[in-house]
Trainee: 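Please read through the structure below; I'll follow up with questions.
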Amino acid sequence: MNGFFNPRAILLFGVIVVITGFLINHFFGLRGELLLVEGETKTLVTNNDSKSNQPKASLGMMITLDSMRVRAYTPEFEFLVMGPDTSLKAPGSFQMSEQWIEKFPAEQMKIRRVGDTDFYFRMKAFYPNFQFAYEYPVNRDTIESIAPGITLELKTKEGSPIVTLRSDQPNKHTLGDIVSLGATLFYFKVSALDSINALKDQKHHSKDMVVFSGEEQKVFFFYHDTLIEQPLKEGTFYKMPGHDTIGFTILYSFPDHAYLKAVPSTKDTAMLNPVAHVEVWKSGEGYIDAFLYPERRGRKGGEYAIPETGFKLGLGEVKEKVLTHCDCHLSIQEDSGKSAQPLDLLSGKSGRFKVYRFTPITCINQGTGTAKIEIVKRPGRFQIVAGIILIILTFSYMVINRNQRVS
């Protein structure tokens with residue numbers, strides 16, 4: 001078909017439009033990351049010429065993370081193998097550069113190799129809410145009383161720590177009121193009444209105290225100048241006077257501390273203090289136990305330095321899992337003369353504002369939410385889309401027209 005409508009010319013024009021769009025993106029497109037803090041406004045700054053020594057020019061676009069919410073979900077974790085990246089920086093020489101990270105899914109008993117070394121590791125167990133539980137032999141009546149003591153699980157507004165008081169070492173028989181229990185704790189092997197009377201007159205001790213007597217198997221509460229005596233029983237919760245939820249549970253009253261064994265365990269299935277128990281070994285040698293935990297709520301993650309290698313083994317939360325449960329609500333103001341426009345990035349998905357695409361990279365919700373956003377400018381996007389549509393329509397017309405001629 002000739003004349004004003006020439007399909008081949010239009011097809012060629014569509015290709016030229018697409019190429020033009022890619023060229024516009026190549027020369028005028030931008031890509032960068034912006035760290036946003038909830039409630040704070042940041043101005044998008046770009047540098048159109050990366051080789052220029054001129055200061056960066058502001059686009060006048062003000063971006064605010066109005067709110068961020070990470071919906072409840074079950075976190076997933078992965079092992080991170082961190083080590084030196086040896087790169088060729090100059091002919092005939094190597095130079096240490098940034099660390100690289102190799103990731104492995106946190107699968108139980110799956111053997112992984114550390115880089116190209118002779119070291120391997122595997123996850124033996126995973127504890128969602130890690131704690132050390134304590135065990136003691138059942139036949140304690142046959143154990144000689146050498147270093148007696150008591151193990152307690154405290155119950156306070158701040159948590160439920162486990163503490164052990166023992167009589168064989170100085171200052172190990174007492175615990176000051178540093179856990180908001182409301183009293184100082186003491187353990188004595190022998191009769192406690194004489195010790196209580198002596199402690200009452202010592203100014204550096206709290207006036208309120210709880211004294212455990214290993215010989216008498218009794219608990220003495222000296223609270224507000226009143227002495228309350230109770231039998232010492234394991235597995236029993238003792239309330240602090242005047243409180244219903246603050247107190248302690250006696251786990252073990254033992255004759256010798258040497259037999260008290262701490263074993264890793266989990267309080268429950270809540271993902272509050274995740275810890276992975278891994279075994280690390282060199283080929284042909286025995287394994288070493290290591291406990292890894294991720295960075296959470298401002299606490300630095302626990303890593304294990306693998307001997308002889310320069311590598312470290314860590315545990316990280318799968319960021320992609322977090323993003324799918326993260327909702328970011330932005331407001332964007334092009335300049336001071338225009339009102340701000342909302343932009344919602346839901347479930348970690350991208351959003352567009354004119355020629356800019358906003359994509360969440362990380363979401364951290366620790367009181368004040370922070371989000372790292374990738375911002376991509378593609379000014380040639382319209383030309384690319386329009387050119388592709390033109391090519392598809394023209395090509396479809398040519399195929400249909402050709403079939404009609406054949407028939």
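Numbering of residues begins at 1 and proceeds along the displayed sequence. All values reported here derive from a predicted model rather than from experimental measurement.
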Trainee: Would you call Asp327 and Arg69 a salt bridge, taking side-chain N to carboxylate O under 4.0 Å as the test?
Mentor: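 Looking at Arg69 together with Asp327, the answer is yes, because their closest N to O distance falls below 4.0 Å.
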
Trainee: Would you say the ring centroid of His277 lies under 6.0 angstrom from that of Phe126?
Mentor: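 Judged by ring-centre distance (under 6.0 Å), His277 and Phe126 do not meet the cut-off.
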
Trainee: Taking the six-membered ring for Trp, are Phe79 and Phe77 closer than 6.0 Å centroid to centroid?
Mentor: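 No: the rings miss the under 6.0 Å criterion.
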
Trainee: Determine whether the side chains of Thr394 and Arg8 contain a donor N or O and an acceptor N or O closer than 3.5 Å.
Mentor: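 Note: Thr394 and Arg8 side chains miss the donor-acceptor criterion.
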
Trainee: Show the nearest heavy-atom pair for residues Ser339 and Gln333, with the distance to one decimal.
Mentor: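 Taking every non-hydrogen atom into account, C-CG, 4.4 Å.
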
Trainee: Locate the shortest heavy-atom distance separating Phe104 from Arg113; write the atom from each residue and the value.
Mentor: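 Distance-wise, the nearest heavy atoms are CZ-O, 3.9 Å.
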
Trainee: Any side-chain donor paired with an acceptor under 3.5 Å for Asn273 and Asn129?
Mentor: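 On atom types as modelled, these side chains do not qualify, holding no pair under 3.5 Å.
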
Trainee: With a 4.0 Å cut-off on N to O distance, would you call Glu215 and Lys189 a salt bridge?
Mentor: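 Salt bridge flag = no for Lys189 with Glu215.
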
Trainee: Among residues at least two apart in sequence or on other chains, which ones pass side chain to side chain donor-acceptor pair (under 3.5 Å) with Ser331?
Mentor: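 Asp66.
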
Trainee: Between Glu334 and Lys354, does any side-chain N to carboxylate O distance fall below 4.0 Å?
Mentor: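 Answer for the salt bridge query: yes.
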
Trainee: Do the ring planes of Tyr252 and Tyr136 sit parallel (below 30°), tilted (30 to 60°) or perpendicular (above 60°)?
Mentor: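 Geometry flag for Tyr136 against Tyr252: tilted rings.
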
Trainee: Quick check against the 3.5 Å criterion: does Ser265 have a side-chain atom that pairs as donor or acceptor with the backbone of Gln131?
Mentor: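 Such a contact is found between Ser265 side chain and Gln131 backbone.
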
Trainee: Ring centroids only, cut at 6.0 angstrom: are Phe248 and Tyr238 within range, meaning strictly under it?
Mentor: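 Aromatic pair counts; centres sit under 6.0 Å.
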
Trainee: Could you tell me if Thr164 and Thr151 have a donor-acceptor pair between their side chains, going purely by distance under 3.5 Å?
Mentor: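 Short answer, yes.
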
Trainee: Does OH belonging to Tyr73 count more than 12 external heavy atoms closer than 6.0 Å?
Mentor: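 Yes.
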
Trainee: Pair Phe237, Lys239 - check side-chain contact (heavy atoms from CB on, under 4.5 Å), show working.
Mentor: CA-CA 6 Å; Phe237 178 72; Lys239 300 178 182 178; 3.6 Å; yes

Trainee: Assess whether a salt bridge exists between Glu107 and Arg122, defined as any Lys/Arg side-chain N lying under 4.0 Å from an Asp/Glu carboxylate O.
Mentor: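 Arg122 and Glu107: not salt-bridged.
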
Trainee: Please verify the inter-ring angle class for Tyr127 with Phe130; under 30° counts as parallel, over 60° as perpendicular, anything in between as tilted.
Mentor: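 Perpendicular, since the angle between the ring planes exceeds 60°.
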
Trainee: Does the distance from Cys326 SG to Cys363 SG come in under 2.5 Å?
Mentor: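 Taking the criterion (SG atoms under 2.5 Å apart), Cys363 and Cys326 satisfy it, so yes.
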
